[in-house]
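Hydrogens, waters and symmetry mates are skipped; everything else that's a heavy atom, side chains included, is used.
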Amino acid sequence: MPPNGIAKPVYGFGEFDWDSSIGSAAVQMGLLTYEDGGEVTILIKEGPEHIKYEGWNTTFVFLDAKGNVVKPDESTILFIDIPDEPFQPSRDPAPAYFTVSNQTGTTLSVTNECEYDIVELYILTPKMEAELDYSKELLQGSVLASGESVPVKLSR
């Protein structure tokens with residue numbers, strides 16, 4: 001990556017989708033800075049089944065000088081508790097909406113300190129997920145910052 005680089009989209013952490021910027025992914029992993037740039041080594045590999053798209057599920061990881069996969073710093077990983085059972089809203093009376101809240105309240109420092117903001121939010125039915133139908137982005141271009149909530153209307 002040349003010096004004075006700029007941020008580009010990154011999808012993943014530790015293992016990145018094929019359409020991620022290698023330079024920005026390297027900055028996210030703390031291997032480079034945008035200001036200084038530098039060189040990294042990647043390993044291109046087949047990714048997990050859940051990201052397969054039209055037979056294409058290629059990912060990449062970074063390798064250190066000895067050829068070992070570079071793992072993300074555990075302190076920078078945010079774990080979100082996902083219950084075993086999906087949310088089942090009450091049907092009596094039928095609710096009009098439910099609320100999604102960003103309660104991360106955590107800061108990280110990769111290149112600067114920032115709150116974790118949610119920039120995309122999708123609620124998918126199994127059919128939508130199977131068809132890769134991500135057309136109903138609920139935030140519609142806005143950001144759900146840490147401590148904020150958004151109501152999600154239930155409709156058929």
Side-chain angles (χ1 to χ4, degrees), residues 1-84 86-87 98-150 152:
M1 182 172 91
N4 301 314
I6 59 171
K8 300 272 178 115
V10 174
Y11 308 100
F13 191 62
E15 182 174 358
F16 299 90
D17 291 359
W18 65 273
D19 52 349
S20 295
S21 161
I22 294 171
S24 289
V27 170
Q28 183 188 79
M29 294 287 292
L31 303 173
L32 301 177
T33 65
Y34 290 115
E35 296 77 24
D36 296 331
E39 292 184 15
V40 293
T41 301
I42 63 168
L43 171 66
I44 299 172
K45 58 187 236 164
E46 183 175 3
E49 188 67 24
H50 73 272
I51 66 165
K52 187 175 264 187
Y53 177 72
E54 295 180 359
W56 183 263
N57 68 337
T58 304
T59 62
F60 67 88
V61 294
F62 292 100
L63 300 178
D64 64 16
K66 295 180 180 177
N68 299 312
V69 174
V70 176
K71 304 279 186 191
D73 178 1
E74 291 288 326
S75 68
T76 63
I77 299 175
L78 174 66
F79 293 97
I80 300 173
D81 184 29
I82 300 174
D84 293 335
F87 170 73
F98 65 94
T99 302
V100 175
S101 298
N102 180 353
Q103 297 299 326
T104 55
T106 308
T107 59
L108 79 131
S109 68
V110 175
T111 56
N112 59 0
E113 289 198 8
C114 60
E115 294 282 331
Y116 283 98
D117 293 336
I118 297 173
V119 295
E120 292 181 329
L121 177 62
Y122 300 90
I123 308 294
L124 304 175
T125 65
K127 180 181 178 188
M128 291 168 70
E129 190 170 19
E131 295 174 356
L132 299 173
D133 178 6
Y134 297 102
S135 61
K136 295 182 173 70
E137 202 282 307
L138 299 173
L139 295 179
Q140 299 176 353
S142 62
V143 172
L144 185 60
S146 181
E148 294 182 351
S149 298
V150 62
V152 178

Next item on the list: Heavy atoms only: give me the nearest Gly37-Leu32 pair and the separation to one decimal.
Entry: O-CD2, 3.5 Å
Next item on the list: Enter the distance from Thr59:OG1 to Trp18:CH2 here, rounded to the nearest 0.5 Å.
Entry: 12.5 Å
Next item on the list: Ignoring hydrogens and angles, tell me if any N or O in the side chain of Ser20 forms a donor-acceptor pair with the backbone of Tyr11 under 3.5 Å.
Entry: yes
Notebook entry, point to check: Closest heavy-atom contact between Lys45 and Glu15?
Noted result: CE-OE2, 3.3 Å
Checklist line | Closest non-hydrogen atom pair, Phe13 against Pro72 | finding: CE2-CB, 3.2 Å
Next item on the list: Assess whether side-chain contact (heavy atoms from CB on, under 4.5 Å) is satisfied between Val27 and Met1, documenting all intermediate values.
Entry: CA-CA 10 Å; Val27 170; Met1 182 172 91; 4.0 Å; yes
Check: Do Asn68 and Leu63 pass the side-chain contact (heavy atoms from CB on, under 4.5 Å) test, and can you show the C-alpha distance, the side-chain angles, and the key distance before you say yes or no?
Finding: CA-CA 5 Å; Asn68 299 312; Leu63 300 178; over 6 Å; no
Next item on the list: Mind listing the closest non-hydrogen atom pair of Val10 and Ala25 along with its distance?
Entry: CG2-N, 3.6 Å
Notebook entry, point to check: Under 3.5 Å, is there a donor-acceptor pair between the side chain of Asp17 and the main chain of Asp19?
Noted result: no
Note to self: Restricting to non-hydrogen atoms, name the atom on Ile6 and the atom on Ser24 that form the minimum distance, rounded to 0.1 Å.
What the structure shows: O-OG, 3.8 Å
Checklist line | Reference residue Val61; test side-chain contact (heavy atoms from CB on, under 4.5 Å); the match among Val70, Thr41, Val69 | finding: Val69
Checklist line | Exercise: identify the closest heavy-atom pair between Phe62 and Ile22 | finding: CZ-O, 3.6 Å
